[in-house]
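Note that the structure is predicted; figures quoted are calculated from it, not measured. Lettering of chains follows the sequences in order, A, B, ..., and the numbering in each one begins at 1.
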2 protein chains.
Amino acid sequence: MTTQSQGLHTHVLDALGLEIAAGDCPPGRVLRTDELAQRFDVSRTVVREVIRVLESMHLVESRRRVGVTVRPTEEWNVYDPQVIRWRLAGSDRPRQLRSLTVLRSAVEPVAAGLAARHATAEQCAALTECALGMVATSRGQQLEGYLRHDIAFHRIVLNASGNEMFARLGDVVAEVLAGRTHHQVMFEDPDPAAVTLHVRLAEAVREGDAVGAERLTKEIAVGALHELDVLAP
Amino acid sequence: MTTQSQGLHTHVLDALGLEIAAGDCPPGRVLRTDELAQRFDVSRTVVREVIRVLESMHLVESRRRVGVTVRPTEEWNVYDPQVIRWRLAGSDRPRQLRSLTVLRSAVEPVAAGLAARHATAEQCAALTECALGMVATSRGQQLEGYLRHDIAFHRIVLNASGNEMFARLGDVVAEVLAGRTHHQVMFEDPDPAAVTLHVRLAEAVREGDAVGAERLTKEIAVGALHELDVLAP
DNA sequence: GCCTCTTGAATAAGTCGTATGTAATGGGCT
DNA sequence: AGCCCATTACATACGACTTATTCAAGAGGC
């Protein structure tokens, strides 16, 4: 048997999760553990563990005598990073990017305001460094470098807010930014206005200007939403 | 064998999840599947399924030859409703209520603004009905009835926003409201000012007044945060 | 003599096959 | 029509085997 590099469980989970998140299995569709075991050439034990995980994500529901039924989208745990990744890999990626960006536009301004109050000296320094990195990579097709600094920047702000619920959205934001960069405008340099806003946001946080930080972050969010509207209406 | 009412799996998962979320097992603590099987008097199969689910929630990490290690809090999937429930049942419930309330204060105003634009006639009607229900139950120790209407109210707003990420926070908000009511002020009637704000919010949504809805929701959130500060400093 | 690298044994999770229990469904019997 | 029973597919359990990882002992080099 060809041993998977990271375990049979992970492999089957990813394959099934992708299928369901992509909508290949419409809600109500019934899967059979035996079938799945055959299809992936693994034992039922492995399949059962996978089903249990998918069940904990509310992607499926397992009932005796009836099988494993796919649940409607509204019931999924859409905040699970794994689920987000599966959905972003699927066909309704634009819709997904939009709702995540709206979420960002709600959360990040408040987080930035809190960060201005609570950020440590180290966090301020790291923030400034990221902003400078964004400036340095904002021209000349250095999109990957720019993306790395952008992700780090927003992660620091969320962490510095001191609220763990905000901090845990760092992964979500990272997925959104990566998705945006890799999906649409690989050929264009980032918007210079956005870069400036990040630099000014770093300053505001460093100076403890909470309202300024919140306002600047709102502007960044508006820009991100506008970008989506322009590129994927 | 004592047959569990809802399955062995659920029972063991709940017990272990509670223990970990409550902090009884400090991060880095190693659990052995054999031990757990013995302790809960179930087979290793059931334990493995439970471990897999806890692993998908990033509460633990399972490595060969070393065992199941509890991960640090910062890595948990704190948006998983199950995890939230476990943590709210534990000892750091106040801290948890606070971070969730801050999250609400960021998300709900934006959601209310969107709801004012997108709410259907049915949703507006249901919202008004809930607001009236809150008024009717705001005096005379009808806290359970008030809570039910309060939860329904906020759920409708989140759903009406049309954003699925917001909509899925309905359960979180429900947990917070329930936790607040059951934890602290069972003896006091709700703040009359809050009741009024909900009535006015229902009006604003019905009239499509987005900025008004956002502002009113912010006031509600401020009140909720203030309440936490007063009662659990 | 001390440090490093290799090697091998011990260990605990990973995987599998099978057996049995259990609940829900659907058809057949009265 | 209504009740009963056979079927079905998941739920649970057990035991054997596999594999990766760790730890330590020993060989070799400095």
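- In this structure, F40(B) and L8(B) have side chains that are not in contact, with every pair of non-hydrogen atoms separated by 4.5 Å or more.
- In this structure, NE2 of H11(B) is placed 18 Å from P of dA11(D), rounded to the nearest angstrom.
- A salt bridge links R52(A) with E55(A): the closest approach of a Lys/Arg side-chain nitrogen to an acidic carboxylate oxygen falls below 4.0 angstrom.
- Taking a cutoff of 4.0 Å between a charged side-chain nitrogen and a carboxylate oxygen, R104(B) and E108(B) qualify as a salt bridge.
- Across dT22(D), dG14(C), dT7(D), the shortest atom-to-atom separation from the side chain of R52(B) is found for dG14(C).
- The nearest whole Å value for the distance from the CG atom in D41(B) to the C1' atom in dC14(D) is 14 Å.
- A straight line from CZ of R48(A) to C1' of dT18(C) spans 15 Å, rounded to a whole angstrom.
- Distance CD (Q38(A)) to P (dG17(C)): 12 Å, rounded to an integer number of Å.
- Whole-Å rounding puts the I51(A) CD1 to dT12(D) P distance at 14 Å.
- Comparing R65(A) and H9(A) by the nucleotide of DNA chain C that holds the closest heavy atom to each, the one mapping nearer the 5' end is H9(A).
- With no hydrogens or angles considered, no side-chain donor-acceptor pair links H58(A) and E74(A) at under 3.5 Å.
- Distance from the side chain of S62(A) is smallest to dC10(D) among dC10(D), dA13(D), dT15(C).
- Rounded to whole angstrom, the span from the CD atom of E55(B) across to the C1' atom of dA13(C) amounts to 11 Å.
- Between dA13(C), dT11(C), dA23(C), one nucleotide has an atom nearer to the side chain of R64(A) than all others, and that is dA23(C).
- For the pair E19(A) and R29(A), the salt-bridge criterion is not met [side-chain N within less than 4.0 Å of a carboxylate O].
- At the heavy-atom level, V66(A) lies nowhere under 4.0 Å from the strands shown.
- Side-chain proximity of S43(B) to the nucleotides dA13(D), dA10(C), dA24(C) is greatest for dA13(D).
- Side-chain proximity of T45(B) to dT21(D), dC14(D), dC16(C): nearest is dC14(D).
- Residue R32(B) contributes atom CZ, which lies 13 Å from atom C1' of dT22(D) at whole-angstrom precision.
- Within the nucleic acid shown, T33(A) comes within 4.0 Å of sugar-phosphate atoms alone, with no base atom in reach, counting heavy atoms only.
- The base of dT15(C) lies close enough to the side chain of R44(B) for a donor and an acceptor atom to sit less than 3.5 Å apart.
- Atom P of nucleotide dC23(D) and atom CZ of R63(B) are separated by 10 Å, given to the nearest angstrom.
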